[in-house]
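For ligands, and for the atoms within them, numbers begin at 1 and follow the listed sequence. Count residues from 1 along the sequence.
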Amino acid sequence: MNDASLDRMRAAVRDVADFPQPGIIFKDITPVLADGELFGLTIDALAEGLKEAGITKVMGIDARGFIFAGAVADRLGLGFIPVRKKGKLPWETVQVAYALEYGENVMEMHRDAVKPGERVWLIDDVLATGGTAAAAAGLVEQLGGVVAGMTFLIELGFLGGRAKLPVGVEVRGVLCY
Ligand code: AMP
């Protein structure tokens, strides 16, 4: 990914102060999505190097993660796994409770989403405190799968989220703050 493309992405991400709670600066990625060329460049950046990662599926987190992870899976010709908020998946699930930068939640994945030994890659829009991504990795572990790595469009480095992620998992941030 060249610097000009990264600069365009960074310029398009909109900071929204005090959303969804006072004190949070929300990274709004909708301007990136609204620009077709930029959206394509963003998917290029997120998919970079993943053809060689030895993975069979890409997983995405409800809801903004779906937009990026689904497109990356399609770009790579791989399957897609949705990790959803509690109560949204129709079949049997594994569950995990987790804390995020502004609240608490339970996330779920279908029991047949990952086979034992299967290697998957997680894609999400923002790495903040790391609780969400760590919990999603826990779901894969519950099913005997392996999270080979994770790529985030935005890494809020000052929150130290990487420290919460499982050891041995490769972590990539495209835009780091
Ligand atoms: P965390 O568990 O703290 O790493 O939070 C990551 C999740 O919460 C991601 O799925 C993001 O979509 C969302 N999130 C947390 N903080 C922000 C933020 N400042 N701007 C946008 N999304 C955020």
Look at ligand 1 and say whether [X] reaches it with a heavy atom at a distance under 4.0 Å.
X	result
Leu156	yes
Gly130	yes
Ile61	no

Do [X] and [Y] make a side-chain contact, defined as non-hydrogen atoms from C-beta onward lying under 4.5 Å apart?
X	Y	value
Trp121	Arg172	yes
Phe68	Leu33	yes
Val169	Met150	yes
Lys57	Leu78	no

So, regarding [X] and ligand 1 (criterion: nitrogen or oxygen to nitrogen or oxygen, under 3.5 Å), is there a contact or not?
X	result
Ile25	yes
Ile24	no
Ala133	no

How does Thr129 reach ligand 1, if at all, at less than 4.0 Å between non-hydrogen atoms: by side chain, backbone, both, or neither? both

For [X], counting its heavy atoms only, list the atoms of ligand 1 lying under 4.0 Å from any of them.
X	answer
Asp125	9 (C), 10 (O), 11 (C), 12 (O)
Asp124	9 (C), 10 (O)
Lys27	18 (C), 20 (N), 21 (C)
Gly131	2 (O), 4 (O)
Arg64	11 (C), 12 (O), 13 (C), 22 (N)

Any sub-3.5 Å donor-acceptor pair from [X]'s side-chain atoms to [Y]'s backbone N or O?
X	Y	answer
Glu108	Gly87	yes
His110	Leu89	no
Asp28	Arg14	no

For a quick test of reading the model, state the closest non-hydrogen atom pair linking Ile24 to Phe19 and the distance between them. CG2-O, 3.2 Å

